[in-house]
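Atoms within each ligand, like the ligands themselves, are counted from 1 in listed order.
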Amino acid sequence: MSNVTVRGGAALSGAVAAQGSKNAALPILAATLLVKEPVRLRNCPRLRDVGNMLHILESLGCTVFREGNDLIVDSGTAANCVLPTALSRELRSSIFLLGSVLSRFSEADAPYPGGCEIGNRPIDLHLAGLRKLNAEIVERGGRIRCQGANLSGAVVDFEYPSVGATENIMMAAVRAKGTTVIRNAACEPEIVDLEGFLNACGFRVSGAGTPTVTVEGVEEGHGTTYCIMPDRIVTGTYLIGAAITRGDVTVTGTRPDTVDALLSKLSACGCDVTAAKDAVRVRAKRRPRCVEFTETRPYPGFPTDLQPQLFSLLSVAEGTSVLVENVFENRFKHAQELKKMGAENRILDRTAVITGVARLHGATVTAHDLRGGAALVLAGLCAEGDTVIEHAERIERGYEQIDLAIGALGGAVARKEL
Ligand code: EPU
């Protein structure tokens, strides 16, 4: 367990490099099982979730090591198709391994991941898609047992464009017999990154980034070197840091096109936004204006993973904003924490009505989940006095050394291991 203390008052200023994307790295790590040769990953972030995924891969028999900034995964030695219970429950995205383990070993045995702080998070779409590919699945005693000796291509038509289910089916399909067409696929940039990785391994995937992804099954892939895309949510978090502290922050080594939905909100708040090829700068000279209406949607809509951070910004904006969370049913836990800091908000089901206050004040608050925790760090940066955030280890699931990154921008965030 850890906590962080954030001292409010300093305007963030300067440049910070974006880390590699967690949500691209996790499925790509799962996909390393699809080839029997070593894979070298560049720009893989050092995070708790990534560490847990690596432990799971090791428990399946993979060899994992770091060489400088590169991560090497050799799944040539993998020999086990049973996912470890405790580790898999800790990491929800362990469910991505179902498709790749099934493809590699023709069978897979995984614990049911269960719900989490932000919602129930069912996996019905994952299982329905795998069944379409001819996998036999039995759910018993909290475990999912899959047999897939004859995986074959099919049309998988998702009712909802689930990110994880799209990735899972892509991985299960690369070595299946024939062609798989995923309709109503998620269009997130991380799906495009997974496609890039799979194709670099010699698989044949096309259409990622559009609602139709096509996978032509091939017998074997091969090892490769691949650079993971920059993290758009971390990029967005630091840019909101500029807006909320009336600062001037440039995020370098990033992909501005992947944060378009946020940039238009920051412009609407009155920030100056300048995007270059691989950098974005946000400057804010005065108190942000409210944004009348924002709702989270699958990409290219406003990302649910930036909703809590935008919530913090709107909490100090001039006027009243409405924020609707459409993706996860329980992702407003930061609202009650922000109230402890003097914020004014009302939640009705999936809608938040936020009346901006001129100033927040420091308080002791809890990070209930990863992005909610990041939102509290942002709120603390503009609050009067010190904010202590408990359960900050949840923030470390997705942010590489947030204390040092913000420190380099002139903010004061001190981390304490408990
Ligand atoms: N859903 C179902 N059935 C399914 C799968 C999903 O009903 O079988 C529902 C979920 O309950 C949710 C919605 O569909 O209400 C969206 O879920 P999705 O499957 O798209 O999300 P995910 O794959 O579980 C990934 C990210 C999340 C991010 C979402 C949405 C990773 C490892 N996780 O989750 O990231 O919020 O997509 O963009 O890629 C985070 O990084 O903080 C995080 C939670």
Side-chain angles (χ1 to χ4, degrees), residues 19-31 45 47-50 52-53 56 88 90-99 112-132 137 139 144 156-171 182 184-194 211 228-229 231-237 258-259 261-262 295-309 324-331 333-334 350 367-375 394-400:
Q19 66 185 54
S21 161
K22 166 179 86 77
N23 290 347
L26 292 170
I28 287 174
L29 286 170
L47 299 167
R48 284 167 66 91
D49 275 10
V50 167
N52 281 335
M53 178 60 97
I56 296 176
S88 307
E90 202 153 307
L91 179 71
R92 221 208 101 90
S93 38
S94 61
I95 196 67
F96 300 151
L97 281 158
L98 219 48
Y112 196 82
C116 73
E117 287 293 335
I118 60 176
N120 279 331
R121 306 189 78 174
I123 55 164
D124 53 318
L125 300 171
H126 297 246
L127 301 187
L130 292 173
R131 285 191 171 109
K132 269 280 172 111
I137 303 177
E139 292 173 82
I144 307 154
V156 176
D157 205 340
F158 284 128
E159 257 168 57
Y160 179 91
S162 155
V163 174
T166 301
E167 292 165 341
N168 222 343
I169 301 312
M170 284 164 75
M171 290 188 254
I182 307 173
N184 199 20
C187 299
E188 269 65 5
E190 292 76 16
I191 310 259
V192 181
D193 216 32
L194 177 62
I228 290 170
M229 67 176 284
D231 196 305
R232 63 192 169 101
I233 305 303
V234 171
T235 297
T237 303
T258 63
V259 284
L262 171 69
E295 59 178 342
T296 62
R297 288 269 175 220
Y299 194 84
F302 191 87
T304 174
D305 292 345
L306 282 173
Q307 176 266 109
Q309 300 89 319
V324 177
E325 173 56 61
N326 290 309
V327 180
F328 290 106
E329 70 275 17
N330 196 15
R331 208 171 197 180
K333 289 203 171 149
H334 42 282
R350 287 174 179 255
H368 292 281
D369 58 83
L370 159 60
R371 308 301 175 187
R394 292 178 178 143
I395 304 172
E396 291 158 19
R397 289 186 38 220
Y399 292 83
E400 249 178 359

Ligand 1-proximal atoms of R331, by part, heavy-atom distance under 4.0 Å: side chain
Side-chain touch R121/F328, heavy atoms, less than 4.5 angstrom: yes
Select one of side chain, backbone, both or neither to describe which atoms of D305 lie under 4.0 Å from any atom of ligand 1, heavy atoms only. side chain
Please report whether ligand 1 has a polar contact with S162, defined as an N or O pair separated by less than 3.5 Å (distance criterion only). yes
Is ligand 1 under 4.0 Å from a heavy atom in the side chain of K22, in the backbone, in both, or in neither? side chain
So if I count the atoms of ligand 1 from 1 in the order they appear, which ones are less than 4.0 Å from some heavy atom of T304? 30 (C), 36 (O)
Please report whether ligand 1 has a polar contact with E329, defined as an N or O pair separated by less than 3.5 Å (distance criterion only). no
Report yes or no: does R397 have a heavy atom closer than 4.0 Å to ligand 1? no
Counting C-beta onward and ignoring hydrogens, is there a side-chain heavy-atom pair between R297 and V327 closer than 4.5 Å? no
Given the rule in the side-chain contact (heavy atoms from CB on, under 4.5 Å) test, do E295 and F302 qualify, once you have shown the distances and angles that lead to the verdict? CA-CA 7 Å; E295 59 178 342; F302 191 87; over 6 Å; no
In ligand 1, which numbered atoms sit nearer than 4.0 Å to a non-hydrogen atom of F96? 32 (C)
Under 4.0 Å from one or more heavy atoms of Y160, ligand 1 contributes atoms 13 (C), 14 (O), 16 (C)
Could you walk me through whether N23 and E190 pass the side-chain hydrogen bond (donor to acceptor under 3.5 Å, both in side chains) test, one step at a time? CA-CA 7 Å; N23 290 347; E190 292 76 16; 5.7 Å; no
Below 4.0 angstrom from a heavy atom of G164, which ligand 1 atoms are there? Numbered from 1 as shown, please. 19 (O), 23 (O)
Is the closest protein non-hydrogen atom to atom 16 (C) of ligand 1 under 4.0 Å? yes
Heteroatom distance test (L370, ligand 1): nitrogen or oxygen, under 3.5 angstrom: no
Should the pair D305-R331 be classified as a salt bridge under the 4.0 Å nitrogen-to-oxygen rule? yes
Looking only at distance, does N23 have an N or O less than 3.5 Å from an N or O of ligand 1? yes
Quick one: does P122 get an N or O within less than 3.5 Å of an N or O on ligand 1? yes
Ranked by distance from atom 21 (O) of ligand 1, the top protein heavy atom is F328 CZ, 4.0 Å
Specify the protein heavy atom at minimum distance from atom 12 (C) of ligand 1: its residue, its atom name, and the distance to 0.1 Å. V327 O, 3.4 Å
The one among Q307, H126, R371 that brings a heavy atom closest to atom 42 (O) of ligand 1: R371
Answer whether the closest heavy-atom distance between the side chains of L127 and E139 falls below 4.5 Å. yes
Taking C-beta and beyond as the side chain, do P298 and Y160 meet within less than 4.5 Å on heavy atoms? yes
Taking it one step at a time, do Q307 and T296 satisfy side-chain hydrogen bond (donor to acceptor under 3.5 Å, both in side chains)? CA-CA 7 Å; Q307 176 266 109; T296 62; over 6 Å; no
Side chain, backbone, both or neither: which part of L125 has a heavy atom under 4.0 Å from ligand 1? both
Should R121 be counted as touching ligand 1, given the test is an N or O pair under 3.5 Å? yes
Hey, does I118 sit under 4.0 Å from ligand 1 if you only count heavy atoms? yes
So, do S21 and P45 sit near enough that their side-chain heavy atoms are less than 4.5 Å apart? no
Pair Y112-I123, side-chain contact (heavy atoms from CB on, under 4.5 Å): steps then yes or no: CA-CA 9 Å; Y112 196 82; I123 55 164; 3.4 Å; yes
Test of proximity, E167 against ligand 1: N or O pairs below 3.5 Å: no
Could you tell me if the side chain of R232 sits less than 4.5 Å from the side chain of E188, heavy atoms only? yes
Among protein heavy atoms, which lies nearest atom 3 (N) of ligand 1, and at what distance? D124 OD1, 2.7 Å
So which of I144, V156, I169 actually passes side-chain contact (heavy atoms from CB on, under 4.5 Å) with L130? I169
Which one of V163, L91, D369, N120 has a non-hydrogen atom at the shortest distance from atom 18 (P) of ligand 1? V163
Pairwise side-chain contact, I233 with R371, heavy-atom cut-off 4.5 Å (strictly under): yes
Under 4.0 Å from a heavy atom of I123: which atoms of ligand 1 are those, numbered in the order shown and with their elements? 4 (C), 8 (O)
pair L194-E167: side-chain heavy atoms closer than 4.5 Å: yes
